[in-house]
Participant: 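Mind looking over this structure? Questions follow.
Below, each value reflects all heavy atoms present in this structure, side chains not excepted, and no hydrogens, waters or symmetry copies. Each residue takes its place number in the sequence, starting with 1.
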Amino acid sequence: MSFDEDYFKSEEFLEQLETYETAVSNGDRPFMDVDDLVDIADYYTWQGHDEQADQAIDYCLELYPDATLPNVFKARKALAEGDFEKAQDFQDAIENKDDPDYHYLEAEMLIASGQTDEADSYLRAYGKRVDPDEYEDFVRDCANLFIDYDVNEKAYEWMLRSKGEDNDDFKELMARTLFGLGKYQEAERIFNELIDRHPFSTFYWNALTSTQLMNEDYSAAITSSEYAIAIDPKDPEAICNKANGLARLGNFEEALKYYQKYCELEPEDEMGFLRQAACLANQNRFDEALPILRKALALTPKDSPNLWQIYQEMAFCYGAQHKTDQALQMLDKCEKLDCDHIDMYVVRGHILLQNDRVAEAEKAFKRALIESDSSPAILLRIIVSLYDNRYLSACYQMLLKLFEIVEEHYPDFKSGNAYMALCCYDLGRKDEFLKYLRLAVDNDPKETKSVLGYLFPDGMPVSEYVPYLENLLNNTDVNSK
């Protein structure tokens with residue numbers, strides 16, 4: 001769902017909000033139009049104040065029980081909670097069945113229940129009855145519905161039905177659609193155009209930052225987040241975005257400061273504390289990380305999709321402290337949670353290997369391979385664990401085996417060469433190091449930069465790695481760098 005940030009900052013809206021809040025604080029019940037009350041509820045939702053949003057909508061329904069917008073608001077919330085029966089009750093309460101928002105809700109209920117094609121057909125049929133002067137708005141509303149449920153291919157199809165008017169609403173929606181499709185550079189271009197028109201919009205700066213983060217352009221993302229912070233120093237999203245960019249660049253000490261600022265602004269968000277702890281763990285500050293993880297755990301509802309991440313991070317911390325049994329207890333808690341259980345077997349194996357329980361680690365790794373049907377990605381993760389635990393010879397041999405399997409069964413799998421180059425580097429196999437470095441640069445530049453970038457000057461393009469190393473190796477031994 002998108003919100004009109006400019007309207008929420010307008011004098012007109014702020015006066016309505018003040019009137020409403022003053023009345024509520026005095027124990028009064030102000031009489032307001034249905035649209036104004038729904039706008040106030042939307043504003044509270046935009047601010048993350050769900051309880052206040054519910055209060056405004058519930059009051060709106062007391063005044064206007066069969067009005068479309070407040071019933072749609074409540075129905076959408078019920079859909080988000082997976083309560084289709086309650087959503088249907090709110091839809092049934094709408095008096096005007098010809099209201100466009102009634103039809104959008106009908107389509108949304110189909111999308112939410114997984115009937116994407118049926119929703120698309122319903123909207124196309126309804127579109128034949130839409131006034132030509134309103135068709136452009138209708139197309140965008142349909143695209144927005146599909147975007148809200150990450151059905152980005154359908155959203156793009158609807159956007160292509162538009163004439164592509166050069167206005168902010170169209171551009172923003174197209175950028176969001178492209179973002180959902182993973183076309184980050186195209187989305188970035190449009191968000192930059194919107195920023196040119198609205199240079200003081202934190203919404204667009206944050207959207208640009210998110211796009212740059214997804215495109216792994218972390219330095220640019222940090223710069224964009226700083227513009228948003230300059231506009232609003234207390235914008236939680238901008239502060240979190242900067243922290244994310246710093247963490248992705250490995251600057252965990254500085255990232256920690258911004259996650260701490262974020263948690264001061266959003267003290268109920270467990271993810272802020274989880275990310276703080278991850279920064280500390282990446283600095284080997286496990287004693288400091290664990291109390292923060294316990295705080296995150298205390299904030300996390302038992303049905304939260306984030307719960308497993310906290311347990312996993314606690315397991316890593318305990319494992320690094322050689323408190324193996326406590327680490328395994330954390331992983332045991334994940335067994336009944338909705339998470340990647342194959343990945344958890346790899347984590348279990350890593351922690352056991354880290355603590356010299358080799359036979360148990362082997363069992364965990366074997367189970368991960370069996371349940372993943374010998375996935376090369378899982379095998380590579382196991383190999384990385386071997387490397388991290390300094391089983392270099394075993395790592396080298398398993399990489400050779402991986403390449404045999406990939407050549408025979410997974411020709412599209414291009415990862416692993418950078419890790420082999422690193423392994424050969426540590427083992428002093430100079431010729432093989434260069435061989436696999438070349439393959440890594442050709443097949444997976446991102447992996448190459450991530451794994452081997454520390455060997456090269458900051459900012460050096462991956463394409464220059466091989467010539468740089470060849471020149472270096474002509475003058476010095478590979479291990480003397």
Side-chain angles (χ1 to χ4, degrees), residues 1-5 7-8 12-13 16-17 19-21 23-24 28-116 118-127 129-131 134-135 137-151 154-155 158 169 173:
M1 180 184 291
S2 61
F3 298 101
D4 190 341
E5 179 183 359
Y7 176 66
F8 289 153
E12 176 189 356
F13 174 76
Q16 292 172 351
L17 180 65
T19 298
Y20 172 81
E21 291 185 335
V24 170
D28 296 332
R29 297 166 67 80
F31 183 81
M32 302 179 74
D33 289 342
V34 62
D35 290 349
D36 293 339
L37 286 168
V38 172
D39 284 342
I40 288 169
D42 282 340
Y43 169 80
Y44 285 135
T45 300
W46 178 59
Q47 292 288 305
H49 301 150
D50 293 337
E51 186 175 341
Q52 290 169 281
D54 283 340
Q55 289 173 354
I57 281 294
D58 288 342
Y59 176 55
C60 185
L61 283 172
E62 287 182 34
L63 295 175
Y64 310 100
D66 54 9
T68 303
L69 291 179
N71 278 295
V72 168
F73 187 104
K74 296 289 281 188
R76 295 198 80 191
K77 183 177 180 182
L79 288 175
E81 296 169 350
D83 192 337
F84 290 89
E85 185 175 346
K86 183 186 283 187
Q88 186 67 61
D89 289 341
F90 284 115
Q91 185 187 32
D92 292 342
I94 295 172
E95 181 180 36
N96 184 4
K97 304 296 197 248
D98 290 329
D99 192 311
D101 286 297
Y102 176 89
H103 293 286
Y104 295 143
L105 177 58
E106 178 66 26
E108 181 168 358
M109 292 178 72
L110 289 168
I111 298 170
S113 62
Q115 301 178 73
T116 304
E118 290 82 350
D120 185 58
S121 298
Y122 178 88
L123 290 168
R124 282 189 282 113
Y126 174 65
R129 297 159 47 194
V130 172
D131 189 287
E134 298 174 353
Y135 190 75
D137 289 338
F138 165 72
V139 165
R140 290 174 214 165
D141 287 339
C142 293
N144 208 27
L145 264 181
F146 287 109
I147 289 172
D148 284 348
Y149 285 85
D150 293 324
V151 188
K154 287 292 184 187
W158 278 95
D169 289 343
L173 200 53

Participant: Once you measure the plane-to-plane angle for Tyr126 and His103, does it fall in the parallel (<30°), tilted (30-60°) or perpendicular (>60°) bin?
Facilitator: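 It falls in the parallel class, under 30°.
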
Participant: What class does the angle between the rings of Phe8 and Tyr43 fall in, given that below 30° is parallel, 30 to 60° is tilted and above 60° is perpendicular?
Facilitator: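 Phe8 and Tyr43: perpendicular rings.
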
Participant: If you round to the nearest 0.5 Å, how far is OH of Tyr44 from CD of Gln52?
Facilitator: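 One finds 5.0 Å between CD of Gln52 and OH of Tyr44.
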
Participant: Just distance, no hydrogens or angles: give the donor-acceptor pairs under 3.5 Å from side chains in residues 105-115, sequence neighbours left out.
Facilitator:
| from | atom 1 | to | atom 2 | distance (Å) |
| --- | --- | --- | --- | --- |
| Glu106 | OE1 | Gln91 | NE2 | 2.8 |
| Glu108 | OE1 | Arg76 | NE | 2.7 |
| Glu108 | OE2 | Arg76 | NE | 2.8 |
| Glu108 | OE2 | Arg76 | NH2 | 3.1 |
| Glu108 | OE2 | Tyr149 | OH | 2.7 |
| Ser113 | OG | Met109 | O | 3.1 |
| Ser113 | OG | Leu110 | O | 2.9 |
| Ser113 | OG | Gln115 | NE2 | 3.0 |

Participant: Can you find a heavy atom in the side chain of Asn71 that is under 4.5 Å from one in the side chain of Leu61?
Facilitator: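 Yes, close enough: below the 4.5 Å cut-off.
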
Participant: Starting at CG of Asp39, measure out to CG of Leu17 and round the result to the nearest 0.5 Å.
Facilitator: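 Between Asp39 CG and Leu17 CG, I get 10.5 Å after rounding to 0.5 Å.
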
Participant: Locate the shortest heavy-atom distance separating Ala78 from Ala87; write the atom from each residue and the value.
Facilitator: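 Smallest heavy-atom distance, with atoms named: CB-N, 3.7 Å.
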
Participant: For Glu95, does the CD atom have more than 12 heavy-atom neighbours from other residues, nucleotides or ligands under 6.0 Å away?
Facilitator: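 Atom CD in Glu95 is not packed in, count stays at 12 or less.
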
Participant: Test side-chain contact (heavy atoms from CB on, under 4.5 Å) on Ile40 and Tyr59; report intermediate values, then the result.
Facilitator: CA-CA 11 Å; Ile40 288 169; Tyr59 176 55; over 6 Å; no

Participant: Indicate yes or no: at least one non-hydrogen side-chain atom of Phe73 is less than 4.5 angstrom from one of Leu69.
Facilitator: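 They are not in side-chain contact.
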
Participant: So, taking the atom named CZ in Phe138 and the one named CG in Asp131, what distance separates them when rounded to the nearest 0.5 Å?
Facilitator: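 If I round to the nearest 0.5 Å, the distance is 12.5 Å.
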
Participant: At their closest point, which heavy atom of Leu63 faces which heavy atom of Pro30, and how far apart are they?
Facilitator: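 Shortest heavy-atom contact: CD1-O, 4.4 Å.
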
Participant: Ignoring hydrogens and angles, tell me if any N or O in the side chain of Asp33 forms a donor-acceptor pair with the backbone of Asp35 under 3.5 Å.
Facilitator: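 Checking the backbone N and O of Asp35 against the side chain of Asp33, no donor-acceptor pair under 3.5 Å is found.
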
Participant: Show the numbers, then the answer: is there a side-chain contact (heavy atoms from CB on, under 4.5 Å) between Asp148 and Asn144?
Facilitator: CA-CA 6 Å; Asp148 284 348; Asn144 208 27; 4.3 Å; yes

Participant: Side chains of Asp98 and Arg129, heavy atoms from C-beta outward: is any pair under 4.5 Å?
Facilitator: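 Touching, per the 4.5 Å side-chain cut-off.
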
Participant: Quick one: which residue pairs count as a salt bridge (charged side-chain N to carboxylate O under 4.0 Å, His left out) with a foot in residues 46-73, not counting sequence neighbours?
Facilitator: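 For residues 46-73, and leaving out neighbouring residues, the salt bridge (charged side-chain N to carboxylate O under 4.0 Å, His left out) pairs sorted by first residue read Arg29-Glu62, Asp54-Lys77, Asp58-Lys74.
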
Participant: Distance from Thr45 atom OG1 to Gln47 atom CD, nearest 0.5 Å?
Facilitator: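 Output value for this atom pair is 10.0 Å.
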
Participant: Less than 4.5 Å apart, side chain to side chain, heavy atoms only: is that true for Tyr102 and Asn96?
Facilitator: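 No. Closest side-chain heavy atoms not under 4.5 Å.
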
Participant: Could you pull out the closest heavy-atom pair between Gln55 and Tyr20, with the gap in Å?
Facilitator: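 So the minimum-distance heavy-atom pair works out to C-OH, 4.2 Å.
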
Participant: Do Leu123 and Tyr104 make a side-chain contact, defined as non-hydrogen atoms from C-beta onward lying under 4.5 Å apart?
Facilitator: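 Yes, their side chains come closer than 4.5 Å.
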
Participant: Search all heavy atoms of Pro70 against all heavy atoms of Tyr64 and return the closest pair with its distance.
Facilitator: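 For Pro70 and Tyr64, the tightest heavy-atom pair comes out as CG-O, 4.2 Å.
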
Participant: For the residue pair Ile94 and Ala67, what are the closest heavy atoms and their distance?
Facilitator: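 Heavy-atom minimum between the residues: CG1-O, 4.3 Å.
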
Participant: Go through the side-chain N and O atoms of Asp120 and Trp158 and say whether any donor and acceptor fall under 3.5 Å apart.
Facilitator: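 Trp158 and Asp120 do have a side-chain donor-acceptor pair below 3.5 Å.
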
Participant: Roughly how far apart are Tyr135 OH and Cys142 SG, rounded to 0.5 Å?
Facilitator: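 It is 7.5 Å, given to the nearest 0.5 Å.
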
Participant: Pair Ile57, Leu37 - check side-chain contact (heavy atoms from CB on, under 4.5 Å), show working.
Facilitator: CA-CA 7 Å; Ile57 281 294; Leu37 286 168; over 6 Å; no

